[in-house]
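Here is the naming used below: chain letters follow the sequence lines, and residue numbers restart at 1 for every chain. Hydrogens, waters and symmetry mates are skipped; everything else that's a heavy atom, side chains included, is used.
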Amino acid sequence: MSTSEELFARAQAGDQASIGRVLTLVEQGGPRRDELLRLLSPHTGRAHRIGVAGPPGAGKSTLINQLARRFAARDDAQVGVVAVDPSSPQTGGALLGDRVRMSELESHDRIFIRSLSTRGQTGGLSLATGLVADAMDALGFDPILMETVGVGQAELDVMRKAHSVALLLLPGTGDGVQLMKAGLLEVADILVVNKADRDGAKELGVLVESELHSRAVVDGGWATPVLMTCAYRGEGVDEVVEVMRQHRTWLETSGEFEARTRASIELQLRQLVEHALLARLWHDDGFGSVLRDHAADVAAHRTDLAAAVHALSDRISLPGEGS
Amino acid sequence: MVETRIRVLVAKPGLDGHDRGAKVIASALRDAGMEVIYTGLHQTPEDIVSASVQEDVDVLAVSILSGAHMSVFPRILELLRERGASHVHIVGGGIIPDADMRQLEEQGVSRLFGPGSPTRDVVAFIRNLPLRQV
Ligand SMILES: Nc1nc2c(ncn2[C@@H]2O[C@H](COP(=O)(O)OP(=O)(O)OP(=O)(O)O)[C@@H](O)[C@H]2O)c(=O)[nH]1
Ligand SMILES: [Mg+2]
């Protein structure tokens, strides 16, 4: 077993197995994570993180397959891809299949793909994605493309770790309307109607355009563009790349790049603190057994839920609270 | 708080056209609580090893029907060594004669399963593999 310093040095030198190991250790937690975060930290903050979100089967992986090659072709960039999927809450297991649509990237030595699952932690998806993206950033990958399936709160939190969010929509599924209701258009910087070869694509594009149009764009603000792609044929992808580059320039000149980086770190920190506190809370069974006693009391009507919660939370002392 | 979970890459090299077997194994491993990375059909040994290294998996499960096992497995072993990933355990399944199985296991394949092996045997075998310490 090598020290964290040795491992980090080999990863910086581009050794793929060491990069893979660093990502695992950072994701897993524990003392090795702490050591690596200290080593990685001075090198972070450069990469452009691009979130690619959208409903299941929208073509996110297919599009990323196309995007990554184009980014890598220019400037000899090293491109990172993080593909996240939820794990089963019952077993904790996960089937991560995004690589199937990215197989053309396997032989590419400047594209590094990592699949992640939640591992059952609250906020786990977002935290793990952020940590892995941080590590990729520190190891020189730029841009970093982050795929997340679904459009719920957990996925929105993943997108809060990105500087730019591309939202994919799928024609003929009523998606457009639903996503607007879910407030997803608000987080999107770029809208992509994929499967433009299908019926209803144009109509969906028009619908989304008009929805966006009704929203005022302040001066110097970013007007969210709507693009049409046929990802598996690579059509319209150059335009997506171009818009992503423009968005980066806009972020950098408007000060938003730094603002979004800070917001992402803040969320990251919040999630790490929550994990640390919960770990301390459940560390030994002390608190658990007191909780069980209170539960028994509630069941026997000796106390009620509200009183039990107060009694339990009073046992936890946080700084800044009188005891 | 260290959260470890067995990570397995399921691969299907060769030209034969269906991956039902690979998908059955992938689902069984997932249901057993593992993180399974599925890479699809027609992978070359180079692709498989590259993906295994990037995903930092503990186990590589290879399903092979095409009869190319005597070239595919040795090539995978060689590439894993070259890329500093010889800790990855290889398990395989397919139509492989006993003599070939013994030879491949001597070369470093952890275990080969013949057709019709119960998936729970594969799951149990992978569960009991000695994993690398963090
Ligand atoms: N007709 C059509 N099919 C497409 C297009 N792009 C992708 N597909 C197909 O859509 C299916 C899903 O593509 P993926 O890239 O796996 O979609 P995804 O959004 O990553 O899916 P999940 O990760 O499972 O949510 C595949 O069969 C693709 O070949 C397109 O532009 N047109
Ligand atoms: Mg996908």
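- Contact annotation for A:Ile111: only backbone heavy atoms (N, CA, C, O) come within less than 4.5 Å of a heavy atom of chain B.
- Heavy-atom distances place both the backbone and the side chain of B:Asp47 under 4.5 Å from chain A.
- Partner B:Ile37 forms a side-chain contact (heavy atoms from CB on, under 4.5 Å) with one of A:Leu95, A:Ile113, A:Leu96, A:Asp98 and no other, that one being A:Leu96.
- Within the model, atoms CD of B:Glu35 and CG of A:Leu116 stand 7.5 Å from one another, a figure rounded to the nearest 0.5 Å.
- Within the structure, every pair that satisfies the side-chain hydrogen bond (donor to acceptor under 3.5 Å, both in side chains) test and touches residues 76-93 of chain B, not counting sequence neighbours, is listed here: B:Arg75-B:Glu78, B:His87-B:Arg132.
- Inter-residue side-chain proximity for A:Arg114 and B:Asp56 is flagged as met; some heavy-atom pair is nearer than 4.5 Å.
- Both the backbone and the side chain of B:Glu55 come within less than 4.5 Å of a heavy atom in chain A.
- Taking both residues in full, the closest heavy atoms of B:Gly84 and A:Ala17 are given as O-CB, 3.9 Å, listed atom of the first, atom of the second, then distance.
- For the residue pair A:Val100 and B:Thr39, the shortest heavy atom distance occurs at CG2-C, 3.7 Å.
- The minimum heavy-atom distance between A:Thr91 and B:Asp31, with the atom names listed, is CG2-O, 3.3 Å.
- Taking the side chain as every heavy atom from C-beta outward, A:Arg99 and B:Gln43 never approach each other to under 4.5 Å.
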